[in-house]
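Notes follow the structure.
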Amino acid sequence: MAPGLLLFIFLQAAPVADAMELVPQGRDVGAPGFVLDLAFLDDQRLLALTEHALLLYRIEDVTPALEARLELPGARLAVRAPAGLLRASEAERVCWLITNGRARASLVAVEGRGLAVRLEAEAVPWAGSATGLRYRAGTNLLLLGESPFLAMREGGLAVAPDGRLAVDGRSPAQGRRVGAALDRLGSLIVASSSRPPGATDSLELIPLEGELTGLAAQVKIDGSISALAARDRRREPLVVAAIQGRDGVTRLVSYAVRPRP
């Protein structure tokens, strides 16, 4: 049975609370800089966006290995809180990227084991928007039209400026509040926690149902999660988190997602 189908059936048949577990896999990998966003290109390739570069990692098993690096084009802008977004297309082997530290978005192609800029634009193309997705100048807020968000993912997943989860434009008043790092894994939201500065962070699995208040799994993190990517791989679902430790170094940490025994 495919892992994604097993995951779906388990969530439907078992109580939601603490139904899953996040199990660390492989070894941690140091990243060359603060990671703004992560995105899987396919089962074996992961993209990481930093303030200065786009990185391509290959995941043969569960541990990322750096394969290519591309310096971001354009002049840098002064910002207080660095932020960025990746939108990857497996079919076209490309990704759109944008950061609040540069004026324009870029379309980057994966060519063999390298990366190449194809074109630049004012914003990242986004479904349902004529103007695309861009950053409000000088802030870490994404603008879809005139609506601001802390984070967005394709498929209608977003984080409002106050940390509330929004799915397909619906943001329950009592819904769970999260951090700016998130992704979707089938019927689950993978997210960092909403926490005050200096507090312990956590990696959370939130079921996509009801008022978005449930919690299927949670792992405490010694550091701060800056980015997340999730993928329902053929072997089993995998989550990669970019975690900035107390030493200031960012590491990529892999977690398998499994039904709790």
Side-chain angles (χ1 to χ4, degrees), residues 24 27-41 45-57 59 63-88 95-106 108 115 117 124 133-142 149-153 159 161 163 178-183 190-204 219-230 239-255:
R27 59 183 177 82
D28 300 354
V29 176
F34 182 70
V35 177
L36 306 178
D37 201 10
L38 293 168
F40 277 98
L41 184 67
R45 286 176 297 182
L46 176 76
L47 294 161
L49 178 63
T50 73
E51 295 179 71
H52 309 294
L54 178 66
L55 311 170
L56 176 65
Y57 289 87
I59 305 178
T63 301
L66 185 61
E67 190 169 77
R69 176 188 176 108
L70 174 71
E71 295 298 318
L72 299 184
R76 292 188 61 195
L77 305 174
V79 293
R80 293 181 60 185
L85 175 136
L86 289 170
R87 179 192 165 205
C95 78
W96 279 98
L97 67 85
I98 191 169
T99 77
N100 62 349
R102 283 174 168 77
R104 294 172 66 81
S106 298
V108 177
L115 299 165
V117 176
V124 172
L133 197 62
R134 67 191 190 282
Y135 279 97
R136 179 180 287 170
T139 76
N140 63 340
L141 292 176
L142 288 159
F149 297 94
L150 274 177
M152 295 196 72
R153 281 290 190 251
V159 179
V178 298
L182 85 163
D183 205 354
V190 186
S192 58
S193 62
S194 175
R195 62 184 179 86
T200 300
D201 205 348
S202 62
L203 177 58
E204 302 179 345
V219 174
K220 297 295 183 182
I221 301 295
D222 186 19
S224 175
I225 301 172
S226 64
L228 289 167
V239 173
V240 179
I243 301 173
Q244 186 179 44
R246 300 183 188 279
D247 57 3
V249 176
T250 297
R251 296 174 175 85
L252 301 182
V253 184
S254 301
Y255 297 86

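Just so we're clear, the structure is a prediction, and the values are computed from it rather than from any experiment. FYI, side chains are in, hydrogens and waters are out, and symmetry mates aren't considered; it's all heavy atoms of this structure.
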For [X] versus [Y], what's the shortest heavy-atom pair and its separation?
X      : Y      : answer
Tyr57  : Ala31  : OH-CA, 4.1 Å
Gly179 : Val159 : O-CG2, 3.7 Å
Val35  : Ala227 : CG1-CB, 4.0 Å
Asn140 : Ala83  : CB-CB, 3.8 Å
Thr200 : Ile221 : CG2-O, 3.4 Å
Arg87  : Val124 : CD-CG1, 4.1 Å

Side-chain (Ser106) to main-chain (Val108) donor-acceptor, under 3.5 angstrom: no
Do the side chain of Ser202 and the main chain of Ser193 share a donor and acceptor less than 3.5 angstrom apart? no
Calculate, to the nearest 0.5 Å, the distance between atoms [atom1] and [atom2] belonging to [X] and [Y] respectively.
X      : Y      : atom1 : atom2 : value
Phe149 : Leu141 : CZ    : CG    : 10.5 Å
Arg69  : Leu54  : CZ    : CG    : 10.0 Å
Asn100 : Glu51  : CG    : CD    : 8.5 Å
Ile59  : Arg45  : CD1   : CZ    : 11.0 Å
Leu72  : Arg102 : CG    : CZ    : 4.5 Å
Leu142 : Leu133 : CG    : CG    : 4.5 Å

Side chain to side chain contact (heavy atoms under 4.5 Å, CB included), that's the test. Do Val29 and Leu66 meet it? Break it down for me. CA-CA 9 Å; Val29 176; Leu66 185 61; over 6 Å; no
Would you mind checking if Asp37 and Arg153 are paired as a salt bridge, meaning a charged N to carboxylate O distance below 4.0 Å? yes
Sub-4.5 Å side-chain heavy-atom contact between Cys95 and Leu41: no
pair Leu56-Leu47: side-chain heavy atoms closer than 4.5 Å: yes
Walk me through whether Leu252 and Leu38 qualify under side chain to side chain contact (heavy atoms under 4.5 Å, CB included). CA-CA 10 Å; Leu252 301 182; Leu38 293 168; 4.1 Å; yes
Side chain to side chain contact (heavy atoms under 4.5 Å, CB included) partners of Gln244, counting only residues at least two apart: Phe34, Thr250
Mind checking what makes side chain to side chain contact (heavy atoms under 4.5 Å, CB included) contact with Arg104, not counting sequence neighbours? Glu120, Glu122
Please tell me whether Arg195 and Ser224 have a donor and an acceptor in their side chains that are separated by less than 3.5 angstrom. yes
Checking side chain to side chain contact (heavy atoms under 4.5 Å, CB included) for the pair Leu85/Tyr135: CA distance, chi angles, key distance, verdict? CA-CA 10 Å; Leu85 175 136; Tyr135 279 97; 4.2 Å; yes
